[in-house]
Amino acid sequence: QVQLVESGGGLVQAGGSLRLSCVASGNIFSINFMGWHRQAPGKQRELVALITVAGNTHYGDSVKGRFTISRDNAYGPVFLQMNSLKPEDTAVYYCTAGATMGNFWGQGTQVTVSS
């Protein structure tokens with residue numbers, strides 16, 4: 001099993017920045033990728049960004065050019081730097097890990113962007 005804990009959510013003004021962090025524990029060497037999804041009220045969960053153990057990154061179209069995913073190592077803390085935040089970025093952000101035995105999700109952290 002893999003456990004994921006997010007931090008860094010909060011309230012920020014439009015145009016501001018926020019950085020989310022995710023720490024993985026458990027069978028971390030089974031992880032193939034880590035990243036972030038988000039779910040806004042009334043909308044489906046969508047990909048925000050992910051990074052594979054090889055370091056390849058992928059972004060959802062809505063955040064390209066504004067968000068950056070990074071990590072300290074392939075299995076350790078993963079970060080999501082969010083710049084130029086918009087009210088439509090308001091959502092619960094979930095840390096995600098894809099492992100050999102399945103997919104795992106954190107509890108989520110709320111990001112609210114005010115106009």
Side-chain angles (χ1 to χ4, degrees):
Q1 299 295 304
V2 175
Q3 296 81 45
L4 304 169
V5 179
E6 308 99 329
S7 63
L11 176 65
V12 65
Q13 295 182 54
S17 298
L18 206 61
R19 189 175 77 156
L20 307 183
S21 301
C22 177
V23 176
S25 61
N27 192 11
I28 60 173
F29 298 113
S30 68
I31 294 173
N32 302 129
F33 66 85
M34 294 185 67
W36 301 87
H37 287 73
R38 69 185 183 187
Q39 189 163 25
K43 301 183 71 174
Q44 291 186 296
R45 186 175 296 186
E46 65 174 339
L47 171 70
V48 177
L50 65 83
I51 183 165
T52 70
V53 293
N56 301 307
T57 59
H58 307 269
Y59 294 92
D61 288 341
S62 63
V63 306
K64 288 179 180 176
R66 298 188 298 121
F67 292 9
T68 303
I69 188 169
S70 62
R71 67 188 184 192
D72 280 358
N73 61 65
Y75 310 104
V78 174
F79 308 99
L80 183 69
Q81 179 66 45
M82 303 185 292
N83 297 326
S84 301
L85 283 162
K86 305 173 181 179
E88 49 263 49
D89 294 318
T90 295
V92 177
Y93 285 70
Y94 296 91
C95 185
T96 307
T100 57
M101 64 282 203
N103 298 320
F104 299 88
W105 304 85
Q107 291 295 304
T109 186
Q110 176 71 47
V111 172
T112 302
V113 184
S114 62
S115 61

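Please read all numbers here as calculations on a predicted model, not as lab measurements.
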Problem - All pairs passing disulfide bond (SG atoms under 2.5 Å apart) where residues 34-70 contributes a residue, at least two apart - result: none
Handout entry: Co-membership, hydrophobic cluster, residues V48 and V12, 4.5 Å side-chain
Key = yes
Handout entry: Under the side-chain hydrogen bond (donor to acceptor under 3.5 Å, both in side chains) test, residues paired with N56 that sit two or more places apart
Key = none
Handout entry: ring-ring contact (aromatic ring centres under 6.0 Å, His included) contacts in which one or both residues fall within residues 39-69, not counting sequence neighbours
Key = none
Exercise for the section: Find the distance between OG1 (T57) and CG (L50) and round it off to the nearest 0.5 Å. Expected result: 8.0 Å
Exercise for the section: Provide the full list of disulfide bond (SG atoms under 2.5 Å apart) pairs with a residue in residues 24-115, sequence neighbours left out, each pair given once. Expected result: C22-C95
Exercise for the section: Write out all pairs satisfying salt bridge (Lys or Arg N to Asp or Glu O under 4.0 Å) with one or both partners inside residues 49-65, taking only residues at least two apart or from two chains. Expected result: D61-K64
Practice task
Mark yes or no for whether R45, through its side chain, and Y94, through its backbone, hold a donor-acceptor pair below 3.5 Å.
Solution key: no
Exercise for the section: Examine V92 and L20 and state if one hydrophobic cluster contains both, with Ile, Leu, Val, Met, Phe, Trp and Tyr joined whenever side-chain heavy atoms are less than 4.5 Å apart. Expected result: no
Exercise for the section: Quick one: which residue pairs count as a side-chain hydrogen bond (donor to acceptor under 3.5 Å, both in side chains) with a foot in residues 10-20, not counting sequence neighbours? Expected result: S17-N83
Could you give the side-chain donor-acceptor pairs of residues 101-115 under 3.5 Å, partners two or more places apart or in another chain?
unit_1: T109; atom_1: OG1; unit_2: G9; atom_2: N; d: 3.2
unit_1: Q110; atom_1: NE2; unit_2: A91; atom_2: O; d: 3.4
unit_1: Q110; atom_1: NE2; unit_2: T112; atom_2: OG1; d: 3.3

Exercise for the section: Would you check if F79 and D72 make a side-chain contact, meaning some heavy-atom pair closer than 4.5 Å? Expected result: yes
Handout entry: ring pair (Phe, Tyr, Trp, His ring centres under 6.0 Å) partners of Y75, counting only residues at least two apart
Key = F29
Practice task
Determine whether V53 and I69 fall in the same hydrophobic cluster, where Ile, Leu, Val, Met, Phe, Trp and Tyr are linked whenever their side-chain heavy atoms lie under 4.5 Å apart.
Solution key: yes
Exercise for the section: Measure the OG1-CD distance between T68 and Q81 for me, rounded to the nearest 0.5 Å. Expected result: 7.0 Å
Exercise for the section: Evaluate the side-chain proximity of S7 to S21: yes if any heavy-atom separation is below 4.5 Å, no if none is. Expected result: yes
Practice task
Scan for disulfide bond (SG atoms under 2.5 Å apart) pairs involving residues 36-65, sequence neighbours excluded, and state none if there are none.
Solution key: none
Let me have the donor-acceptor pairs involving side chains of residues 30-41, under 3.5 Å, with sequence neighbours excluded, atom names and distances please.
unit_1: S30; atom_1: OG; unit_2: N27; atom_2: O; d: 2.7
unit_1: H37; atom_1: ND1; unit_2: T96; atom_2: OG1; d: 3.0
unit_1: R38; atom_1: NE; unit_2: E46; atom_2: OE2; d: 2.8
unit_1: R38; atom_1: NH1; unit_2: D89; atom_2: OD1; d: 3.0
unit_1: R38; atom_1: NH1; unit_2: Y93; atom_2: OH; d: 2.8
unit_1: R38; atom_1: NH2; unit_2: E46; atom_2: OE2; d: 3.2
unit_1: R38; atom_1: NH2; unit_2: S62; atom_2: OG; d: 3.1
unit_1: Q39; atom_1: NE2; unit_2: K43; atom_2: O; d: 3.3

Handout entry: Shortest non-hydrogen contact from L80 toward A49
Key = CD1-CB, 4.2 Å
Practice task
Just grab all the disulfide bond (SG atoms under 2.5 Å apart) pairs involving residues 53-83, residues at least two apart or on different chains.
Solution key: none
